[in-house]
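Notes follow once the structure below has been shown.
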Amino acid sequence: MAALAAAATALSLAACGSSGPSAASSGKGLTMWVLNDQTTIKESVEAYNKDHPDEKITLRMFANDDYKQKLRVAFGANQAPDLFFNWGGGALEDYVKAGKVDALESGEVDLPRFMPSVLDSATLDGKFYGVPANGITPVVLYYNKKVLKDAGAEPPKTYDELLTAVQKLKGEGVTPISLAANSKWPTLMYLEYLLDREGGHTVFEKIAAGDSTAWKDPAVTKANSRLQELVEAGAFGGNASSVGYDQGAATALLHTGKAGMELMGTWEYANLVKAAPDFVEKDLGYVPFPVLPRGKGDPRNIVGNPSNFLSLKAKSKNKSAALTYLKDYVMNDAQIDSFLATGSVPPVNKLESKLASVKSPDNKKWLTFVYELVRDAENFQLSWDQDLPSDQADPLLTNVDKSFLRQIDPEQFGVNMSKAAK
Amino acid sequence: MAVVAGTPRPAAAPKTRPPTAPGGRRGLSGLLMAAPALLLFTLFGLVPLGGVVVLSLTSWDGLGAIGWAGFGNWGGVLTDGATWQALWLTVKVMVISWLVQTPVALALGLFQAPRGRTRAFLAVLWFLPLLLSAVAIGLTWQALLDPSFGIGATPGLHWLAEPLLGSPDLALYTVIAVIAWQFVPFHALLYQSGIRQIPVSLYEAAAIDGAGPVTRLLRITLPQLKYTFVTSSTLMLVGSLTYFDLIFVLSGGTGGPGTATRVLPLAMYITGFQSHDMGRASAIATLLVVFGLGLSLFTTRLSGFTRMESQQEGL
């Protein structure tokens, strides 16, 4: 019966005309799936293929939006790639629990070279299920120096300073903070930081551990009140809900001077360099998320995506080749240099000497800021939508959006989420 | 074909059954001719549909083992307020789309039916949206409607700088407007061909009897378009019941702001492929099939389409 249902689903999926994963059945070689912006990984695969002409990696690159769905379907249909790009956290846990991913021995892939706080996101019950393969991307507050100066505002260090800056920017007729609320996950970043600053990182740790009642913690309500307070103060202007992140409008608002600030992951730096190099040189500033007065959280805590990971499919026929790639080609010297050159901090230990040798002063200043932010952080919280089991991601994002739109009261958010988490 | 044509049938007696002796041959050949379509429909329509109904009674995350869930998914879906909200939005999209698209399509069809170079040129011009993919249309409109960088940024058009897709009150209507932009050309084409099929002799006879243009429109054109109207309406209603791609793109894949544009097909997709609850998503899918089937049967029955009565008897 189950087989019939599975066959029927496979059939209907095939009927949808998806191009489908083409298993590299021709001879030896392994397959690998990553996102299409991972040019550094692409270079390392090319280097590997040059050295191993008889056991090549076939790399397929995907757009962000449908990648997770494609991967899931491929695993469900037993057509998964040998190595796959992921975010760690709850989504990876789904695959591990279903027995679809192999654990990696520390020695096999030389894990001690990576930052422990980053490895945490791909660790389950003391076993490692992924090798960090991307830069560290905590969320920071970017600002446009010129816009802030024209409005007589200072880059905010505390929440009250943030509110003051919002008022001044509003007085100048610019959008105080650029937010791509249409995509929903950028709004979530505020709640993640506000809860951490308000109640400390333990509140969400309880939630992530499966305690659904922890959503009703007073700190969750307070964090939502703060978010709504910012909305009410006009911090995000009137159009945030029309702005989607993927179209680049949120980024453009900041560098065209139509907005004063933007809270975003450190990947935004590369986007800004690409879109407006002059702006990055002259007017780009960045600070950690402001401190909440009387908040319980450590102000050095950060949220974001510690890294992305490459994980190994269970029972892969090409395991030894895959391990060779993970050990010798991921975060080797050349790749670390390549990441640094694009303004991205690789999650490896002892990076100081490498940082010191970066040539461009702007880039060096930025890389040092991110590196020290991560190094000094007491806790690095993975984005909630990645950390929670994947069936809670949609209720989470929907309720965050409703809280942002003030369609629900601050306390209703926790009530709804604790219901969804059961 | 020759077998069918070989059985002469009196045109005036559609309801009497054909004689039995050749009827056996007719049935066999009819079956043979229907076989390819029937086979494809069974393979790609009925079998997956059966699979979906079975899946709706299971719990499956798309990865692990499939477990039996009985009617748990159904209970969950039917008692969830979100399902009913999604259904309400779907009905709204359906009804408003029909109300908006039908008059516009009919008017355009009336305009472009007579031959003429200007009319043909204009018809081609507004046929263009139909050639574009829904994703391209979605992304284009999203960019156009962006309050900061879209049309609203043009001097003189600042009144358009409203969060049309971002306001929970306006988003659904904006989506309906874009859907209309995409599909009106198709329905205009249907009406155009419907109008061109009306025999000129009818108009000539009416003109001799002294009927003016308005009378001709009301007494000849509109009644003659009855079946075109039924076809167009059925396509519109059932089409918007399952409409997905444009709404997906316009709302950034989330059915937002909040859940303001989360129609039933979108809810199904999010449940199945983002929350990975295939059982529950299948229950929603089955619900959609039932509604869609009921709706098509209802519209065709109501309009007498199945009776296939001639509109041009005596001509």
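Proteins get letters first, then strands, A, B, ... in listed order; numbering begins at 1 in each.
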Requested in this report: Anything under 30° is parallel, anything over 60° is perpendicular, the rest tilted; go ahead and classify A:Phe413 against A:Trp215.
Outcome: perpendicular
Requested in this report: Classify the ring geometry between A:Tyr95 and A:Phe84 as parallel (under 30°), tilted (30 to 60°) or perpendicular (over 60°).
Outcome: tilted
Residue part contacting chain B, namely of [X], when any heavy atom lies under 4.5 Å:
{"X": "A:Leu253", "answer": "both"}
{"X": "A:Asp246", "answer": "neither"}
{"X": "A:Ala252", "answer": "both"}
{"X": "A:Thr256", "answer": "side chain"}
{"X": "A:Ala249", "answer": "both"}
{"X": "A:Lys68", "answer": "neither"}

Does a donor on one side chain and an acceptor on the other come within less than 3.5 Å for [X] and [Y]?
{"X": "A:Asn86", "Y": "A:Tyr67", "result": "no"}
{"X": "B:Arg262", "Y": "A:Thr398", "result": "yes"}
{"X": "A:Thr251", "Y": "A:Glu262", "result": "no"}

Using heavy-atom distances under 4.5 Å, tell me whether [X] contacts chain A through its side chain, its backbone, both, or neither.
{"X": "B:Leu164", "answer": "backbone"}
{"X": "B:Tyr269", "answer": "side chain"}
{"X": "B:Leu63", "answer": "both"}
{"X": "B:Ala82", "answer": "neither"}
{"X": "B:Asp277", "answer": "neither"}

Requested in this report: Find the one option among A:Lys100, A:Gln69, A:Lys402 whose heavy-atom pairs under 4.5 Å with chain B are most numerous.
Outcome: A:Gln69
Query - B:Arg280 and B:Asp80 ion-paired at < 4.0 Å - result: yes
Requested in this report: Before accepting this row, confirm whether a basic side-chain N of the pair A:Asp385/A:Lys184 lies closer than 4.0 Å to the acidic partner's carboxylate O.
Outcome: no
Requested in this report: For residues B:Leu250 and B:Gln142, report the shortest heavy-atom separation together with the two atoms involved.
Outcome: O-NE2, 3.4 Å
Report task. Tell me, yes or no, whether the heavy-atom count around B:Phe71 atom CZ, taken from other residues, nucleotides or ligands under 6.0 Å, exceeds 12. Result -> no
Query raised in the report: For B:Phe149, does the CZ atom sit with more than 12 other heavy atoms under 6.0 Å from it, leaving out its own atoms?
Result: yes
Name the option with the most non-hydrogen atom pairs under 4.5 Å to chain A; the candidates are [options].
{"options": "B:Ser251, B:Gly45, B:Ala171", "answer": "B:Ser251"}
{"options": "B:Leu165, B:Ile270, B:Thr254", "answer": "B:Thr254"}
{"options": "B:Thr259, B:Leu49, B:Leu145", "answer": "B:Thr259"}

